[in-house]
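Quick notes on the structure that follows.
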Amino acid sequence: MNRSMRPLLATVAIFLVAYAAAVFQFPGLLSTRVLGNFLTDNAFLGITAVGMTFVIISGGIDLSVGAVIGFTGVLVAVLISSFGLHPLVAFAIALAVAALFGAAMGLAIHYLEVPAFIVTLAGMFLARGGASVITQDSVPINHEFYSTISSLYFRLPGGGRLSFVGLLMIAVFVFGAVVAHRTRFGSYVYALGGNTTSASLMGVPVARTTVQIYMLSSMLACLAGIVFSLYTSAGYPLAAVGVELDAIGAVVIGGTLLTGGYGFVFGTFVGVMLLGLVQTYIIFDGTLSSWWTKIVIGILLFLFIVLQRLVFAASARGDRSSETA
Amino acid sequence: MAETAFRMEARGVSKIFGTHRALDKVDFGLLAGEVHALLGENGAGKSTLIKILTGAYQPDGGEVLVDGEPVHLDSPLHAQSFGIGTVYQEVNLLPNRSVAENLFLGHQPTRFGLVDRKRMNRDARVLLKRYGLEIDPSSELGSHSVAVQQIVAIARAVQLSGKVLILDEPTASLDRDEVQRLFEVVASLKRDGLAIVFITHFLDQVFALADRVTILRNGKLVDTRRLSELTRTDLVRKMLGKDIAFSGSTSLEAQRPVTDVLLEFKGYGRKRSVRPFTLTIHKGEVIGVAGLLGSGRTEMARVMFGIDPSDEGSVALNGKPISIRAATDAIAHGFGFCPEDRKADGIFGDLSVRENIVIALQGKLGWFRALNRDEQLDLAGQFGESMDIRAASLDMPVKLLSGGNQQKVILARWLATDPAFLILDEPTRGIDVGAHAEIVRTINRLRDDGMALVVISSEIDEVVAYSSRVVVMRDREMVAELRGEDISPAVIVQAIATHGEPTPEETAA
Amino acid sequence: ADMTVGFSQIGSESGWRAAETSVTKQQAESRGINLKFADAQQKQENQIKAIRGFIAQGVDAILVAPVVATGWEDVLSEAKEAKIPVVLLDRGIDGPQDLYLTSVASDQVKEGKVAGDWLVGTVKDKDCRVVELQGTVGSTPAINRKKGFEEAIAGHSNISIVRSQTGDFTRSKGKEVMEGFLKAENGGKNICAVYAHNDDMAVGAIQAIKDAGLKPGTDILVVSIDGVPDLFSAMAAGEANATVELTPNMAGPAFDALAAYKKDGTVPPKFIITESKLYTPADDPKGEAERRKSLGY
Amino acid sequence: MTRISFGRIFNTQTIALVSVLLLNWILFPGFFKIEWQDGRLFGSLIDVLNRGAPVAILAIGMTAVIATKGVDLSVGAVMAMSGAVAATLVVAGYSGPVAVGGALAVGLACGLWNGVLVAMLDIQPIIATLVLMVAGRGIAQLITEGSIVTFSDPTLIFIGTGSFLGMPMPVVIAFALMVLVTLVVRKTAIGLFIEAVGVNRSAATLAGIRSRLLLLTVYSVSGICAAIAGIIVAGDIRGADANNAGLWLELDAILAAVIGGTSLLGGRFSIPMSVIGALIIQAMNTGILVSGYPPEFNLVVKAGIITVILMIQSPLAGQVLGFFGRKKSGASR
Ligand SMILES: Nc1ncnc2c1ncn2[C@@H]1O[C@H](COP(=O)(O)OP(=O)(O)OP(=O)(O)O)[C@@H](O)[C@H]1O
Ligand SMILES: Nc1ncnc2c1ncn2[C@@H]1O[C@H](COP(=O)(O)OP(=O)(O)OP(=O)(O)O)[C@@H](O)[C@H]1O
Ligand SMILES: [Mg+2]
Ligand SMILES: [Mg+2]
């Protein structure tokens, strides 16, 4: 078995066990309604996390995604409500802006040799600030296109809904998995995460790939912003604050190493579902105060990480121990 | 140079790092169907020239021509498009990806725009077979030893090279069989008309393979000649600019009197790493460790040094049992260890040469007895000089030194701790003839000073040259301990090669 | 049967919010209501998740303190489909009114206006340069309280807002921003009053004024909104001049409305507006501070 | 270090700091005015130092962590916790020094916890410290039950707002801490070991450095620094605001370290430079405050200035400048 598969399998196993345990306590969790909600409610997070997976596999990080979601929502809302553009046109404009934004960050990371953490932090300030310069209010979007989309869903037996945005997220995951694991671009991404010098000597176009990675991340964050605006029919400059940390958390819980080079897009999917499960569990429980909610989320995060390490360590024991320390 | 039909040519290239002229107006031409050896001391500028020829560096002067046309190679990818395949000095592959992907990265076979993994793995298997390597192409490259990675790097370069193949010290971590296979491959590529550059510090290999040689010294071109016009001594003189006395492969002068026992490993071993071994080491003794790649020599060293602590057996120092659970324990007992993978486990790339040299001693002194800057400079200067480390300044980052000089820095680091027992894992890998002789001399000197050493090496001649005893590893097990008369290349090779049937020593024991 | 009510709270970003949560819990307990509490950590998406979760559990009613006005239609229609009444607490939403049973909230614009009116009444014809400590940029209360205050002083050219910066609704930012204002306005000599969008920032500002060697409440008037105990204490010490109370008991009226609705289908008024009462040093600030101690501010 | 050459004083960080200060002066002419009032110095420049102190203190610990190739996201939450503990202790009747001791102990405990996760369990620092970043604020709120615990303990208030020789206490504390930590890392071998572990942990272990113990120490120092910063901000507002104390300050601290020239990839570090980085950030914030621009522009301005600073610092800029420099010297030859 491939060594790098192990954290992924560990995550899947943990998810299944955790879900089973939660269902045992609250049988209501095993309904199509809850499952449908898992997809719909986490769609924007999932889409963001796909982009984040690429960034992290390449050894980088993108702190700007939450702000890009907020910015996109505001931009789209203003374009539709104030300028009367068709949503699809507004989407295209937003995606183009996001692509430029991501490209600028990628260029800065590569040519200025500033760590991604800092470049994307500045990007976060810029996007968040840009959104509040456009408007400070939350801008409602009243367009029939929006109502059409939100009425697009499959009804599942048992009252659940398989919504358009949920399906879109799945499509993005499939797309992400194919790109990561089945294209040359994908192999370049892993190459950068493995060792940038080696990658460059092996003929990987490092500059181009770096720029493409951050473009991809920003564009997926933008798509997530569009989904968020569909989800709420509005744009709000403070939307999705802190989503970057959720996305990073999902990616890492999904078995991708923050140091780069290893990871699976599908793992991220499981990571997103795990986070969703934790939140749903806390809601079903309904007795946790604000502070206990934070503490419990922290504890669960800790347990997942430790569990993953244990599973990883147990299965890696036989290997040539290359990591000394 | 009268020939004009160069496949690839560098005309008057220069490269300046800061104030250091790594290359100074060097001309270098490659003919189709030749093996061209590029020789020079550590730091002579060989790797730098290669990097310019392959677009990894941009020259500060001069030009590069392919088939007579001046080209501007702006990246290794660009060079690849001209059919130039390269193995760089340090294995530059991706340990996190599969073997097959490392072979084909950037050129993966695709179907409908998607990478066709099945075919890629199939092709990889076929390709590697040529080098006698039967490993799972979908396995992670990092899970294989340096040697395997080296072979993969070679296979990748060969497969990318339509016109020119450049090999920068490809044989440094290969054993005889593998070197032989590589030579066969090179010979056949030569017949196919490729121009091949070959960098090595092994003169035997130069004479076995090369048609012409180019010699660099201190970044300047010394000479380009047909090999047949040169003798071994000529070569060395041109490289060093002076004569050196060859110590030759004379075995130990005489049986020296057995001195005090320093260390005794009894049934020492570690599960899944190395089978229990028993070894007594005396003061003033060099124990050579021979074995095939992957035979567990490195593992043995790691267990001795406590990096992978033993889970069986005992060890005694000067007759008193000690326990070695971590590297710090070993160091506290006066051990030292130069690891085999200098990039990953040895050097601190961003730290200065000075800091790299003092760090082990400082580690021994602890957190609060800091050596001040002057003491550090003294120490670094002293050991830098005795090891003949070529660095523009002791304060430059060690990563800017040539590979051989980095190796000397690590050796100096341990000598500075004044160890009683030193383990050297492949200490001469990638080191030029001058330095090689230097290190062998150092080993001998240390032994005469009463230090005990364990030296792992794939160079059997070298092992013979300095060992008081030789232990042979096979399949992670110590299978033989040779001494006296038995320390000869023939016996060692036989002990390594013997499969199944016990060696004479074992039956005797 | 016992009623189970889900409560989606924004988070715990301020003392007032903590008080609202604890008052809601107290009110639920005293009525024998089983309260399911979900903290959204300031995120709308978490609130939507919580509401969906409540629907999936089949609660009898849902209370929401919406973090932002927009974006509730889809999820509230789901609640409606599931025949679960929804009551909005503390803030309203943009959207069709049939999506919720009622909204229990203060009028934030009015809060700002009450504060502004007080200032207008206090300074009369004197020139007054006001500095404003805004809430979090883009948050609804910040926008509305600014709007209300500006409306109140609109007709009075002697009163003008000379500086306005965000203090993020926090004490320490309120203090830091006030320090900056004091420096920028001639050591505070040019400032006649400070208007803070919440009491926490006002408390910070009071400290900054004191540090600058001026007397808050006398040299610089202090007016703010919320009515938290610490501000009443400051008022008792003569360091604050006015606060507009925002009651943390939004849940009481909400539970009453729900109980009546469940019992015989009485439809409550669409908007239950809580009182925006002005407190000045004349209103026994010491006693007010004491009275609020147990509410979890 | 004793050897400070002029080349080290005139570096990009100090130039950036001076530029931002000058920019502030252009926007607000009274910026450099300093007065003596009530036995202490008073002025915008002092505000920059005073308000910058908590982030500077965080940056001191953060720099050491980053130099080991780590990062500590939990410092903001640790600030909230230590403030909460100090406040509840004095409210419960304990003396000020006891409260300070309790808060520092909390910081140490948090640092040890992070250190154990990173050094013993080999969890990646970002994730390891994310745990405490999330849970820590919850714990702080649990301690204060979500409210702001106000106090009037003179010790704590003195730490937050007192002054010593005319300088605000936070500035004095930050300066003392900077000198102390700098001396400790440079006069012992600890600095070298931190850099060695950051550059190549595996080689450091092989060279006999107790890298686990070192990491544990470094994260503990970061925790203690965060606790000190937490006491300061609590003392400053005379209350522990568990909800907001230190919120997002971890990002400022990281930014300060990076502006100060410490690479997120570990290795070389300079604590005084990180402190200057923190002052640059605060000078920026104060400048925005006194300039009177509407707050919507705060973040955009901040992003712009960061970008400019990073561009000046980048190797590319160095090459461009070096290129012109070389050309000039070449011509003069
Ligand atoms: N990136 C760099 N920056 C500064 N100096 C460098 C750099 N790369 C190489 N050098 C210096 O250039 C000189 C030539 O190095 P090079 O690696 O080409 O030597 P080499 O002949 O390949 O030696 P070896 O046999 O040890 O591999 C050395 O002195 C080295 O220190
Ligand atoms: N030719 C090979 N084919 C497959 N695996 C190999 C080969 N060579 C080495 N390995 C792997 O590398 C592992 C350990 O090699 P290691 O480096 O410890 O051995 P060594 O005797 O020290 O050799 P050297 O130091 O010369 O590389 C082996 O257990 C084996 O799995
Ligand atoms: Mg070389
Ligand atoms: Mg080995």
Side-chain angles (χ1 to χ4, degrees), chain B residues 16 18-19 60 301-302 305-307 326-352 354-374 376 397-399 406 410 413-414 416-417 419 423 425, chain D residues 1-5 7 64 66-69 119-120 182-218 221 261-270 315 318-319 322-323 325-326 329-330:
Chain B
I16 303 164
T19 55
D60 293 318
R302 290 171 67 93
F305 200 63
I307 307 161
T328 40
D329 295 343
I331 294 168
H333 286 118
F335 289 25
F337 176 51
C338 295
E340 137 190 67
D341 189 339
R342 117 182 118 227
K343 207 164 156 189
D345 302 326
I347 65 162
F348 299 95
D350 287 331
L351 299 191
S352 67
R354 163 175 58 87
E355 288 163 319
N356 268 278
I357 291 178
V358 301
I359 191 135
L361 176 58
Q362 184 62 69
K364 210 172 166 180
L365 290 177
W367 291 11
F368 298 108
R369 280 168 52 207
L371 298 165
N372 65 32
R373 219 184 118 87
D374 294 336
Q376 291 188 2
V398 77
K399 68 177 173 194
Q406 292 179 4
I410 300 177
R413 172 191 300 168
W414 288 110
T417 67
I423 305 168
D425 196 352
Chain D
M1 280 235 216
T2 38
R3 247 171 280 248
I4 292 180
S5 60
I66 292 179
T68 63
K69 211 176 186 168
M120 308 292 177
T182 309
L183 283 181
V184 168
V185 296
R186 293 303 170 199
K187 290 292 169 198
T188 68
I190 296 175
L192 175 62
F193 290 168
I194 288 176
E195 290 176 348
V197 168
V199 170
N200 190 339
R201 183 167 164 198
S202 140
T205 309
L206 285 189
I209 295 171
R210 295 177 193 278
S211 51
R212 294 217 156 113
L213 187 60
L214 190 79
L215 287 173
L216 219 54
T217 311
V218 164
V221 169
T262 306
S263 160
L264 283 171
L265 300 176
R268 296 282 181 214
F269 70 99
S270 158
Q319 273 168 27
F323 177 74
R326 200 158 52 189
S329 65

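Proteins come first, then strands; the chains are lettered A, B, ... in the order of their sequence lines, and each starts at number 1.
- For R210(D), the CZ atom is loosely surrounded, since the number of other residues' heavy atoms within 6.0 Å does not exceed 12.
- At a 4.5 Å heavy-atom cutoff, A330(B) makes no contact with chain D through either its backbone or its side chain.
- For chain D, no part of F335(B) is nearby; none of its heavy atoms comes within less than 4.5 Å.
- For the residue pair P397(B) and G349(B), the shortest heavy atom distance occurs at CB-O, 3.7 Å.
- Contacts with chain D were tallied for W414(B), F337(B), F305(B), F348(B); F348(B) has the most, counting heavy-atom pairs under 4.5 Å.
- Using a 4.5 Å cut-off between heavy atoms, I347(B) contacts chain D through its backbone alone, with no side-chain atom that close.
- Among pairs with a residue in residues 356-366 of chain B, none fulfils salt bridge (charged side-chain N to carboxylate O under 4.0 Å, His left out), at least two apart in sequence or across chains.
- Geometric assessment of R186(D) against the ring of F269(D) yields a positive cation-pi assignment under the 6.0 Å and 45° thresholds.
- Taking chain B as the reference chain and counting heavy-atom pairs below 4.5 Å, the highest number among G267(D), S263(D), G208(D) is found for G208(D).
- For the set I410(B), L351(B), I331(B), D350(B), the count of heavy-atom pairs under 4.5 angstrom toward chain D peaks at L351(B).
- I194(D) pairs with exactly one of I190(D), L192(D), V197(D) by the side chain to side chain contact (heavy atoms under 4.5 Å, CB included) rule, that one being I190(D).
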